[in-house]
Amino acid sequence: MSAPPRVLTVAGSDSGGGAGIQADLKTMLALGVHGMSVVTAVTAQNSLGVQGAWELPVEAVRAQFRSVVDDIGVQAVKTGMLASAELVEAVAELIAATDAPAVVDPVGISKHGDSLLAASALESVRTKLLPAATVATPNLDEVAELAGVHVGSESDLREAAAAVLSYGPRWVLIKGGHLPGEAVDLLTDGSEEHWLRAPRHDNRHTHGTGCTLASAIASQLAKGQSVPQAVAAAKEYVTGAIAAGFALGGGIGPVDHGWALTRGTRGA
Ligand SMILES: Nc1ncnc2c1ncn2[C@@H]1O[C@H](COP(=O)(O)OP(=O)(O)OP(=O)(O)O)[C@@H](O)[C@H]1O
Ligand SMILES: Cc1ncc(CO)c(N)n1
C-alpha cells in the first residue's frame, strides 16, 4: 500500500485534547494524511483555561524536527504555540530550510485569555516566522498584536490582510471568527482575494478552532491542492467540526475533529 502524505505539526500539547498538538493530529487523521509532531511546550489545560505551561529546550525542538525531516520527510508543516523568541527563531530557521509549504498559525493567547507566547517574541514572529510562511492564519487578536490593526467589522479585513502581508508571508488568511454575524475569513496573496463564508454556529464549544483550521490547510496542501483550494476545503472541515462541538468539563468544550468519520457511530 502506498504511504499517505506526511504532515508535521510544530506546536504545544493541550492536555485537554481540544487544541494544540492533539487537535492537529486528530485533524490530520480525519483528513487522510500521516500526522507527525514536534512538541514545543507542554500545557496543563482543560475546558476552563491554562493552568500551567512549560517550554521544551530549543535543542529538543531542533532534534525532533531533524528526526522527522531527515528520515520520513514532510509534504507540509504547520506551526502553532511557540512560546518564546528563542523557539520562534529556531522554528523559523527550520521551516525556511525545508522545501515543504508551511502554514503558520501565530498563536498568541488561548480562548480563555492565557498567554501562549511571550511579549518579547512578537518581533521575532514579525521578522523571522511570518516571512517563512506559505500561509499565515492570524485571528483578530493576533492581527492587532502583530500589525496594530484593530478589526471592528468585515470592511477592516482588507487593511488587516495588507498589514500582515507586509511582513512577508506568501498568503494570509485573516480569521474573522470573532466578529458578530457570519463566520467570514479573507484569504489573499495581495493580488487574488478569496472571501470564505460560513453560517455562524451558535455553539460555545469552540476550543481548538484555529489549530484545527491551520492543520486542515496543511493536510490539504500535502495532498497537492493549491492554497485557495486547501483553504476552502479546510474551512468546510472546521465549520463541520464547530457545528458538532460538544460540552466537556465545566467550560468551553472542543470542536469535534471526528465529525465526518463518526457520524452515526457514537451510539451504544
Ligand atoms: N461560531 C462559529 N461558527 C462558525 N464558524 C466559526 C465560529 N467561530 C469561529 N469560526 C471559524 O473558525 C475558524 C477559526 O477562527 P477563530 O477566529 O475561532 O480562530 P482562533 O481564534 O485562532 O481559534 P483558537 O481558539 O483555536 O485560538 C475560522 O474559519 C472562523 O471563521
Ligand atoms: C497548546 C495550545 N496551542 C494552541 C491553542 C490555541 O488557542 C491552545 N489553547 N493551546
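Remember, it's 1-based here, ligands and their atoms both numbered in the order they're listed.
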Legend entry - Side-chain donor or acceptor of Glu193 paired with backbone N/O of Thr188 under 3.5 Å: no

Side-chain atoms of residues 165-172: list all donor-acceptor pairs with protein atoms under 3.5 Å, sequence neighbours left out, distances to 0.1 Å.
| from | atom 1 | to | atom 2 | distance (Å) |
| --- | --- | --- | --- | --- |
| Ser166 | OG | Ala163 | O | 2.6 |
| Tyr167 | OH | Leu146 | O | 3.2 |

Legend entry - side chain to side chain donor-acceptor pair (under 3.5 Å) partners of residues 80-89, not counting sequence neighbours, each pair once: Glu55-Ser84, Glu89-Ser124

Inset, instruction - To the nearest 0.5 angstrom, please state how far the CD atom of Gln75 sits from the CG atom of Asp99. - result: 11.0 Å

Inset, instruction - First locate atom CD of Glu182, then atom CD of Glu154, and finally report the distance between them rounded to the nearest 0.5 Å. - result: 7.0 Å

Legend entry - Residues in contact with ligand 1, criterion: heavy atom under 4.0 Å: Lys111, Asn139, Lys175, Gly177, His178, Ala183, Asp185, Pro199, Arg200, His201, Gly208, Thr209, Gly210, Cys211, Leu213, Lys235, Ile242

Inset, instruction - Run the numbers on Thr239 and His201 for side-chain contact (heavy atoms from CB on, under 4.5 Å), then give the verdict. - result: CA-CA 8 Å; Thr239 303; His201 290 287; 3.7 Å; yes

Legend entry - Side chains of Gln229 and Ser226, donor plus acceptor under 3.5 Å: yes

Need the list: ligand 2 N/O atoms against protein N/O atoms, distance under 3.5 Å, rounded to one decimal.
| from | atom 1 | to | atom 2 | distance (Å) |
| --- | --- | --- | --- | --- |
| ligand 2 | 9 (N) | Gln45 | OE1 | 2.8 |
| ligand 2 | 10 (N) | Gln45 | NE2 | 3.2 |

Legend entry - Note, Leu187 side chain near Trp195 side chain (heavy atom, < 4.5 Å): no

Inset, instruction - Evaluate the side chain to side chain donor-acceptor pair (under 3.5 Å) criterion for residues Thr137 and Asp105: first the C-alpha distance (whole Å), next the side-chain angles of each, then the deciding distance (0.1 Å), finally the verdict. - result: CA-CA 5 Å; Thr137 64; Asp105 187 16; 3.2 Å; yes

